[in-house]
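Here's the structure we're looking at; comments come further down.
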Amino acid sequence: PMQSEFGQWRGSGKVTRSSRTNDGVRNESWSISLEFVSRTPGYGRIEIAGTMGVYGGTIAWTPQGTRLLLPTMRKFLYSETSPTAFKAVLPVDLSPLWLEKIVFRNEFDPDEMKRAGFECLKQTARELTEVCRSEQARVERRYGSDGRIHIAANSQRSDGEAGTLELELSEVRSKVQERDALWALEPPLGFKVIGRPKSSL
């Protein structure tokens, strides 16, 4: 069995989204910062902040599924841990499990990527880069000589919505201790709940 790894990262990035409306195309862009902790295989938690550090939401996943807490919308969502798990907050296809493999610098599972419609190609020049493409999406990871992790993703959906994500992460040493509570996330009172949990997380 694979040895479990635990780590924490901090980063910032930019998200863009364009969608078709009755008046034409609507373009949106916003900056994010995040704290990310993960344990392999299959556990992660992201705390997201927007402009001026305003709390933007929490995402937690386990092998049983993904949960998203969106305070500004007063919504709580259950979803499968798949390339569309972040769809409510990010307009790109990026599986939580792919993100986990990126930060721990682990190999993508070729069969899993193929099932998702992606083909991957590595480029090793001064910095290790891997680009995975499907008909409608692209995910790139690059490891800088300074230790930073660069992630870029873009998607073009059949409904006309398109989006991009640019993210830069750095590993941090903190006093966050690994515990089961990190992966637990429950809907607050009064929030609209969408979906159902697969089982107890």
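These numbers were taken from a predicted model, which means no experiment stands behind them.
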| query | Can a donor-acceptor pair be found between the side chains of Trp9 and Glu35 at a distance below 3.5 Å? | reply | no

| task | Evaluate the side-chain proximity of Leu94 to Pro83: yes if any heavy-atom separation is below 4.5 Å, no if none is. | result | no

| field | Closest contact, heavy atoms only, Pro41 versus Glu100 | value | CA-OE2, 3.6 Å

| said: Would you call the rings of Tyr43 and Trp183 parallel, tilted or perpendicular, taking 30° and 60° as the class edges? | reply: tilted

| request: Quick one: closest heavy-atom pair of Leu70 and Ala88, and the distance? | output: CD1-CB, 4.0 Å

| field | Separation of Leu128 CG from Ser145 OG (nearest 0.5 Å) | value | 12.5 Å

| Among Lys122, Arg142, Arg141, which one satisfies salt bridge (Lys or Arg N to Asp or Glu O under 4.0 Å) with Glu130? | Arg141

| field | Pairwise distance CG(Leu99) to CD1(Ile46) - rounded to 0.5 angstrom | value | 5.0 Å

| note | Pro96 and Ala85 have their tightest heavy-atom pair at CD-CB, 3.7 Å

| task | Start with the C-alpha distance between Val15 and Glu166, add both sets of side-chain angles, then the distance that settles side chain to side chain contact (heavy atoms under 4.5 Å, CB included), and finish with yes or no. | result | CA-CA 7 Å; Val15 181; Glu166 296 175 5; over 6 Å; no

| request: Considering non-hydrogen atoms only, spot the tightest contact between Leu90 and Arg17 and give its length. | output: C-NH2, 4.4 Å

| Ile151, Val172: one ILVMFWY side-chain cluster at the under-4.5 Å cut-off? | no

| said: Measuring from atom CH2 of Trp98 to atom OG of Ser82, what distance do you get when rounded to the nearest 0.5 angstrom? | reply: 9.0 Å

| request: Give, for atom CE of Met73 and atom CG of Leu68, the distance between the pair rounded to the nearest 0.5 Å. | output: 10.5 Å

| query | So, does Tyr78 use its side chain to make a donor-acceptor pair with the main chain of Val193 at under 3.5 Å? | reply | no

| Is there a donor in the side chain of Thr16 and an acceptor in the side chain of Thr164, or the other way round, less than 3.5 Å apart? | yes

| task | Check whether the side chains of Thr58 and Glu47 place a donor and an acceptor atom closer than 3.5 Å, and report yes or no. | result | yes

| Taking the side chain from Ser155 and the backbone from Asp93, do they hold a donor-acceptor pair closer than 3.5 Å? | yes

| request: Just grab all the disulfide (SG to SG under 2.5 Å) pairs involving residues 68-102, residues at least two apart or on different chains. | output: none

| field | By side-chain contact (heavy atoms from CB on, under 4.5 Å) - contacts of Ser18 (at least two apart) | value | Val25, Asn27, Ala162

| message | Using side-chain heavy atoms (C-beta onward) and a distance below 4.5 Å, is Thr129 in contact with Glu140? | response | yes

| request: Please work out whether the ring planes of Phe36 and Trp61 are parallel, tilted or perpendicular, with thresholds of 30° and 60°. | output: tilted

| said: Please report the interatomic distance CZ(Arg45) to CZ(Arg67), rounded to the nearest 0.5 Å. | reply: 11.0 Å

| Side-chain donor/acceptor of Arg196 to backbone N/O of Ser79, under 3.5 Å | no

| request: Check whether any side-chain heavy atom of Ile59 sits under 4.5 Å from a side-chain heavy atom of Leu185, and report yes or no. | output: no

| Steps toward side chain to side chain contact (heavy atoms under 4.5 Å, CB included) verdict (Tyr55, Ile48) | CA-CA 6 Å; Tyr55 171 57; Ile48 304 171; over 6 Å; no

| Whether Ser170 side chain and Arg10 backbone form a donor-acceptor pair below 3.5 Å | no

| query | Is Arg39 reaching over with its side chain to a backbone N or O of Phe6, donor-acceptor style, under 3.5 angstrom? | reply | no

| task | Kindly give the heavy-atom pair with the smallest separation between Arg74 and Leu189, and that separation in Å. | result | NH2-O, 3.9 Å

| request: Determine the minimum heavy-atom distance between Val92 and Asn154, stating which atoms define it. | output: CG1-CA, 4.0 Å

| task | Would you kindly confirm whether Val131 and Leu169 end up in one hydrophobic cluster when ILVMFWY residues are joined by side chain heavy atoms under 4.5 Å apart? | result | no

| request: Assess Arg138 against Phe118: is NZ or CZ under 6.0 Å from the centre of the six-membered ring, and within 45 degrees of the ring's axis? | output: no

| task | Using atom types as modelled and distance alone, determine if a side-chain donor or acceptor of Ser134 lies under 3.5 Å from a backbone N or O of Ala137. | result | yes

| request: Hey, could you give me the CG/OG distance between Leu97 and Ser38, rounded to the nearest 0.5 Å? | output: 9.0 Å

| said: Tell me if a side-chain donor or acceptor on Arg179 pairs with a main-chain N or O of Gln177 at a distance below 3.5 Å. | reply: yes

| Taking atom CZ of Arg105 as the centre, does the number of heavy atoms from other residues, nucleotides or ligands within less than 6.0 Å exceed 12? | yes

| field | Full working for side chain to side chain contact (heavy atoms under 4.5 Å, CB included) between Tyr143 and Ile149 | value | CA-CA 5 Å; Tyr143 300 105; Ile149 302 168; 3.9 Å; yes

| task | Might you confirm whether atom CD of Glu119 has over 12 heavy atoms from other residues, nucleotides or ligands at distances under 6.0 Å? | result | no

| query | Are any non-hydrogen side-chain atoms of Gln64 and Pro197 less than 4.5 angstrom apart? | reply | no

| Would you say the side chains of Thr81 and Thr66 form a donor-acceptor pair under 3.5 Å? | yes

| message | Looking at Asp180, I want to see if its CG is surrounded by more than 12 non-hydrogen atoms of other residues, nucleotides or ligands under 6.0 Å. | response | no

